[in-house]
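Before any comments, here is the structure.
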Amino acid sequence: MMKIATWNVNSLRVRLPQVLDWLGQERPDVLALQETKVSDADFPEKSLQAAGYHVLYSGQPAYNGVALLSLVPPTEVQIGLPGLDDPQRRFLAASYAAPDLPGGAIRVVNLYVPNGQEVGGEKYVYKLHWLSLLTDWLREELSPRACPGTPSLVMLGDYNIAPEDRDVHDPVAWRGSVAVSEPERAAFQGLLGLGLADAFRLFEQEPRSFSWWDYRSVAFRRNLGLRIDHILVSRPLVDCCVACRIDKGPRALPRPSDHAPVVTELSRNRDSATAD
DNA sequence: ATGGTGGTCCTACCA
């Protein structure tokens with residue numbers, strides 16, 4: 001069984017004790033972090049390595065930043081969306097040995113999709129452009145080249161898109177807003193159209209399941225949130241996906257991130273997952 | 001009620 005998770009931590013330095021606690025409790029094989037908000041020189045490499053994890057990171061001061069933590073060493077590291085010369089650190093991909101999964105390896109793509117700020121604004125245009133380049137890149141990545149068959153790929157992170165109205169606490173109030181607008185949702189559907197599945201929706205879930213709650217207006221206590229953090233899996237992994245859940249625990253801690261971790265479990269044979 | 005909170009870095013900007 002392989003456990004893979006994503007968590008927008010909104011500053012890794014502030015959240016490091018929570019991340020270390022959570023790694024100890026959950027022991028994910030791979031954890032993708034977003035909004036690390038730390039330059040590479042200041043990345044807290046040693047304490048994460050002491051917890052047993054290999055680390056990859058692409059950061060910058062104050063904004064953005066992505067990292068991958070893993071129990072086994074990474075290979076084929078890709079920093080930044082290929083073809084986009086961008087100072088904003090939002091994309092990090094690596095491959096990991098996964099003897100239990102089709103192909104014997106898994107490609108993990110960690111995304112911090114631009115927020116977009118306001119529909120129609122400059123940052124919104126950048127968001128849609130970024131998603132368009134991501135889609136072009138993914139199309140190539142999923143097409144079988146030298147290796148036969150579709151690769152085992154997980155693309156996860158903070159997409160800053162709530163794909164459907166059921167992913168929004170108040171769809172009427174949010175209609176047309178950033179994270180919910182039709183062009184953003186169309187871009188998300190475009191990614192699914194290339195052969196990915198939203199792991200969370202492979203399973204029955206509680207209504208009003210969200211992964212982000214605004215810090216303001218005691219939104220978490222009132223469960224006024226959005227589901228914008230996603231784990232998408234390629235076709236060969238759909239049959240391996242045995243669970244996907246949002247862990248609201250860390251969001252309830254003092255001084256939390258505004259996002260909760262999302263976790264999936266993958267196993268070659270669904271039926272053997274519980275016996276594993 | 002057109003606000004509110006939080007992180008970064010120290011003044012606004014971003015989410």
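So that the names make sense, note that chain A is the first sequence line, chain B the second, and so on, each numbered from 1.
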Students often mix this up, so state it plainly: with edges at 30° and 60°, are the rings of A:Trp213 and A:Phe220 parallel, tilted or perpendicular?
perpendicular
For atom [atom1] of [X] and atom [atom2] of [N], their distance in whole Å:
{"X": "A:Glu118", "N": "B:dC13", "atom1": "CD", "atom2": "P", "result": "15 Å"}
{"X": "A:Asn115", "N": "B:dC13", "atom1": "CG", "atom2": "P", "result": "16 Å"}
{"X": "A:Arg89", "N": "B:dT8", "atom1": "CZ", "atom2": "C1'", "result": "18 Å"}
{"X": "A:Gln60", "N": "B:dA15", "atom1": "CD", "atom2": "P", "result": "10 Å"}
{"X": "A:Gln34", "N": "B:dA15", "atom1": "CD", "atom2": "P", "result": "14 Å"}
{"X": "A:Trp174", "N": "B:dT2", "atom1": "CH2", "atom2": "C1'", "result": "15 Å"}
{"X": "A:Asn8", "N": "B:dA15", "atom1": "CG", "atom2": "P", "result": "11 Å"}
{"X": "A:Arg251", "N": "B:dA15", "atom1": "CZ", "atom2": "C1'", "result": "13 Å"}

Note: A:Asp158-A:Arg90 ion pair, threshold 4.0 Å (strictly below)
no
Salt bridge A:Arg227-A:Glu164, side-chain N to carboxylate O under 4.0 Å:
no
Does the side chain of [X] come under 3.5 Å of the side chain of [Y] through a donor N or O and an acceptor N or O?
{"X": "A:Gln88", "Y": "A:Tyr112", "answer": "no"}
{"X": "A:Asp247", "Y": "A:Trp22", "answer": "yes"}
{"X": "A:Ser181", "Y": "A:Glu184", "answer": "yes"}
{"X": "A:Asn10", "Y": "A:Lys37", "answer": "yes"}

Measure all distances between protein nitrogen or oxygen atoms and nitrogen or oxygen atoms of nucleotides 4-7 of chain B, and list the pairs falling under 3.5 Å.
unit_1	atom_1	unit_2	atom_2	d
B:dG4	N7	A:Arg216	NH1	3.4
B:dG4	O6	A:Arg216	NH1	3.4
B:dG7	OP1	A:Arg15	NH1	3.2
B:dG7	OP1	A:Arg255	NE	3.4
B:dG7	O3'	A:Ser11	OG	3.2

Roughly how far apart, to the nearest Å, are [N] and [M] at atom [atom1]?
{"N": "B:dC9", "M": "B:dA15", "atom1": "C1'", "answer": "16 Å"}
{"N": "B:dT2", "M": "B:dA12", "atom1": "P", "answer": "24 Å"}
{"N": "B:dA1", "M": "B:dT11", "atom1": "C1'", "answer": "28 Å"}
{"N": "B:dG6", "M": "B:dC10", "atom1": "C1'", "answer": "16 Å"}

For A:Phe220, report the nucleic acid contact type (base, sugar-phosphate, nothing); a contact means any heavy atom under 4.0 Å.
nothing
Quick check: are there more than 12 heavy atoms from other residues, nucleotides or ligands sitting under 6.0 Å from CZ of A:Arg245?
yes
Quick check on DNA chain B: between A:Asp158 and A:Thr36, whose nearest nucleotide comes earlier from the 5' end?
A:Thr36
Passing option when A:Tyr159 is tested against A:Trp130, A:Phe200, A:Phe188 for ring-ring contact (aromatic ring centres under 6.0 Å, His included):
A:Phe188
Stem segments of DNA chain B by first residue number [Watson-Crick or G-U, under 3.5 Å, at least 3]
B:5-8 with B:12-15
